[in-house]
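These notes are about the structure you will find just below.
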Amino acid sequence: MSVLVAALGGAVAILLGIAFRRAAGAAGELGALADALPGATPSRSPAIVCRTLRIYFIKPSKYDDAGRVQYFWKGVLPNNTLTVLAALNDTYNELRRDQGVYLETVIWDEQVDGPILSATIRAMQEKALEDGVEVIIGLAGVQTNQYPRGRDLALQFRRAGFPVLFGGFHVSGYPETRAFLEDCGITTVVGEAETIWCELLDDYLRGQLRPSYSVTDGIRAKTGSGEITVPVITGAQLPAISDPYLHRFASSSMTTLDTSRGCPFTCSYCSVKNVMGRTMRARDPEAVVRWIRDAGDRHGIRSLFIVDDDFFRSPTWEPILEGMAAYRRDGHDLSFMMQVDAEAAAFGDLRPGEPPSSQRRKCERFLELAAAAGCYSAFVGFETFNPQNLLAAAKVQNLEKEQRRRKDQASDRALAAVKEKYRRVVHNWHRHGVAVHCGYMIGFPFDGPECGRQSAEWLLEVGVDLASFFIVTPLPGTEDHDKALREGTILDWDFNNYDSQHMVSHHPRMTTAQVVQAYRDAYLTFYSARNTMRSLLTFHGVPGLSWAARSAMWRQRAYYFYSYRAGRHPMLGGIWQRRLPAARREVLTDEEARGHYLGGGIVSAEGVRLGLPAA
Ligand code: SF4
């Protein structure tokens, strides 16, 4: 049976491929799109096929500064939301297997599968009519900087008569955008989809798709300022691995996995706590370990990015790491990177005779197990050295405990304490062979024009292996955004620029140009030709690091050097940006987009004009 299911999936991919190629050819863009066909994920379960829904999960790209849709020869990080949603379709097929409904899944990541053009949309429409299937479009996991591109696609699909869903952090955290999209006939999905998806599809099948869905079935979790309902994910389906999708990336043996969700901390610039809550929820650890083994055995996965926002705070890190370590002891090749907070490795030397605290024992156990399980890189949010900035951003976990209550954050002593803490974090990870990749932000209120170069030098001094720099951005759904609104400091409302590479709000001490220059100084200093050459020529020869960590840092240092100089944030880009002249930005604001894309009204798939949405 599995052969049949695989054959069906393959056939879907081929048929869709033919349709896209034909449409692209008609538009004279066959060459550019030929390599950008999406991966169709075969469903695992058979169904009595009476009514087939072809669901496109689309991850929109963003526009670059020249207005082109960014897409790349190879991506660097697969998108976890797409594979999680594909898995939810599998679950639905199993649930409704005897009810005459069957879901086909197509995932399309614009960054690597290529921009969706009007010819592509026509091809989807023609192919659906030809196959006698219904189509649902799901714009998935849309971040704020992807919103303008996602909106433009959503409106074009809506104009073509498709039912369109729109989810992700941006709509989840920004009611104004939800109101606009819903007014245009687009259904918004707020929060995580696990307990929404089945109900939403059932509503669609009954012809009762609602304008908006949000989580109602779950547990209550605190956010930065209130409470939300979040789903329990213990038994949720794990991500569906799509081999064709992974082949669009620099390493096809690497994929992503989320084992827990939420974050207990309250950093004012971050929307994670407000969309996913501060109560940590985790998947069943045994299921996670089974999934990892299966990924290795059936898909050749050798490397994972555990995308949990703070894996150290996951209630199930211990059994998961034990399971991964056992898998490696069985002779399997497995390595991974993860995100953790600084506290996981901030402990210092014990004084003679001092017994280790239970917290310290927990940290040491975490580091030992992580190394045994194949961890080669820990991403740690250092964000700033300045203690006043840490307090202003409510990132108190990076301060020493006694410092959190002191009033002398402006003193040299307070700064030295933060530097010393970061040095210990790097040292402890290095002792276990794990490299440290830090996140660092430029443009906090107490930063000055020198902060970029100075911070990069300090990061090198404390021994950080890789650094990702970001400009502080008041993202919708964060306390920083609310504050910027109250104080009237937002300078730029084009969400396409909310990508941490542009300065979109007023800074109390620097001009916009100075903040951008400080950001450039930071990466030009950290990734100077000299530092990069030293890393490359010594194969990142940092004492203590494992071979896997050195190898990864060697490659990533080279990639970061290339990407920053190409003017792209390494975490948002890919390798070699491709150009497709037809894929350009045409409008700026929501209302321009409404007029431009819905000016001719909404037309159903059968060609029935449904009329304009209310202006
Ligand atoms: S920045 Fe990191 S530590 Fe802070 S709230 Fe967000 S996910 Fe948590």
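Atoms considered below: every heavy atom in the structure, side chains included; atoms not considered: hydrogens, waters and symmetry mates. Just so you know, ligand 1 is whichever comes first in the structure, and atom 1 is the first atom listed for that ligand. Count residues from 1 along the sequence.
- For R261 and D309, the salt-bridge test fails: no basic side-chain N is under 4.0 Å from an acidic carboxylate O.
- Around atom 4 (Fe) of ligand 1, protein N, O or S atoms at less than 2.8 Å comprise C267 SG.
- Applying the side chain to side chain contact (heavy atoms under 4.5 Å, CB included) rule to D482 yields the partners R486; only residues at least two apart in sequence or on another chain are considered.
- Between R248 and D109 there is no salt bridge, since no side-chain nitrogen of the basic residue lies less than 4.0 Å from a carboxylate oxygen of the acidic one.
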If you look only at distance, which donor and acceptor atoms sit under 3.5 Å apart when one is on a side chain in residues 566-573 and the other is two or more places apart or in another chain?
| unit_1 | atom_1 | unit_2 | atom_2 | d |
| --- | --- | --- | --- | --- |
| R568 | NH1 | Q577 | OE1 | 3.3 |
| R568 | NH2 | Y562 | OH | 3.0 |
| H569 | ND1 | M571 | N | 3.0 |
| H569 | NE2 | F469 | O | 2.7 |

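- Take D521 and apply the side chain to side chain contact (heavy atoms under 4.5 Å, CB included) test, not counting sequence neighbours, and it matches R453, Q517.
- Test F526, Y559, Y523 against Y564 for ring pair (Phe, Tyr, Trp, His ring centres under 6.0 Å) and you get one pass: Y523.
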